Amino acid sequence: MDIFTEKLTLKTHLSKLKAQNKTIGFIPTMGALHKGHLSLIKKAQKKNDIVVVSIFVNPTQFDKAEDLINYPKTLENDIQLLQSVACNVLFHPSVKEVYGKNTVSEKFNFDGLEHEMEGKYRDGHFDGVGTVVKTLFEIVNPDTAYFGQKDFQQLQIIKKMVKQNRLPLKVKGCKIFREKNGLAMSSRNARLSKEHRAAATFIYKTLKKTKKRFHTKSVNEICDWVTNQFKNHPLLQLEYFTIADEKTLKTIEIKESDKKYRAFIAVFAGEIRLIDNIPLR
Ligand code: AMP
């Protein structure tokens, strides 16, 4: 695997490959890699000649300084994992290399997608995500970029950004990779205590029950039921639960037969904030 920390040397390397008509699949990550990340890499490998992974803990997408400081960083292990799945290129730049002198976000308008769900709870988060992903796309210039449905709102926002700016690449969404017990894999899981990790399986169990109920119950009934499930939970604190239209990400109250819906949830397990979602149709 070739490892680059400078954008210019990476660009030169990739343009040589492009000149040989090699296709490039790209997976941006923040590291602390797990099987969820590896599932994106495997998907990219099936469709591309070269797979590029970036590891960059993007400061501008964190609204809380301690969350950025505490974000797990496991570079040596990440490199070993990437080598074990025969990833071709790792891009691991410094903050200065990506942002230059000013570590600030561009301001985006994603047609309102940025104001829903995570946007309500994480100030400036999607401006940070948009800024770094746009910059990484310019550097890597991939044919296809792969994003997890785990961060479904992020996936829809990146698709919107690509469309709005007519960027010359495809964006593919990949299924959520879960532990055997249903917990969605996340770099943040490494920071869970044993008790919180066990308790966190309740999140997906609740989402699966939500999916069942969606056929027979009203949206309001389901939301009340979920709120009650978490009300007296000793280890988990519900931040939000919502049923939203997959396209607009707007919360719904009444189901319409021709629309696709998803349930979205954010929960605190102690200090650790976990998100998950499930398609309802
Ligand atoms: P992160 O390193 O958390 O920024 O994630 C990098 C990419 O991996 C994003 O597109 C995530 O949505 C995706 N990802 C993270 N966890 C999972 C998972 N459990 N299943 C599928 N994709 C995931």
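Side chains are part of it too, since the values below use all heavy atoms of this structure and drop only hydrogens, waters and symmetry mates. Throughout, numbering of the chain's residues begins at 1 and tracks the sequence. Remember, predicted model here, so these are calculated numbers, not experimental data. In each ligand, atom 1 is the first atom listed, and ligand 1 is the first ligand listed.
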Going by atom type alone, with no hydrogens or angles, which donor-acceptor pairs under 3.5 Å involve a side-chain atom of residues 255-263 and a protein atom two or more places apart or on another chain?
residue	atom	partner	partner atom	Å
Lys255	NZ	Phe214	O	2.4
Lys255	NZ	Lys217	O	2.7
Glu256	OE1	Lys259	NZ	3.2
Tyr261	OH	Glu256	N	2.9
Arg262	NE	Glu246	OE2	2.8
Arg262	NH1	Asn277	OD1	2.6

Validation: residues 14-26 side-chain donor-acceptor distances under 3.5 Å, sequence neighbours left out:
residue	atom	partner	partner atom	Å
Ser15	OG	Lys11	O	3.0
Ser15	OG	Thr12	O	3.0
Lys18	NZ	Asn141	O	3.0
Thr23	OG1	Asp49	N	3.0
Thr23	OG1	Asp49	OD2	3.3

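Residue Leu40 has no nitrogen or oxygen atom sitting less than 3.5 Å from a nitrogen or oxygen atom of ligand 1, judged on distance alone. Polar contact with ligand 1: absent for Cys174 (N/O pair, distance under 3.5 Å). Between Ser39 and ligand 1, not a single N/O pair is under 3.5 Å apart.
In this structure, Lys175 has a heavy atom closer than 4.0 Å to ligand 1. Using 4.0 Å as the threshold, Gln149 has no heavy atom nearer than that to any atom of ligand 1. The closest approach between a heavy atom of Ala32 and any atom of ligand 1 is not below 4.0 Å.
Between Thr227 and Phe241, the closest side-chain pair of non-hydrogen atoms is not below 4.5 Å.
Given atom 1 (P) of ligand 1, the protein heavy atom at minimum distance is His37 NE2, 3.6 Å.
Among Val132, Thr135, Thr29, the single residue meeting the side chain to side chain contact (heavy atoms under 4.5 Å, CB included) criterion with Phe56 is Val132.
Among Gly148, Pro28, Gly173, the residue whose heavy atom lies nearest to atom 6 (C) of ligand 1 is Pro28.
Numbered from 1 in the order shown, with element, the atoms of ligand 1 that lie under 4.0 Å from a heavy atom of Phe147 read 10 (O).
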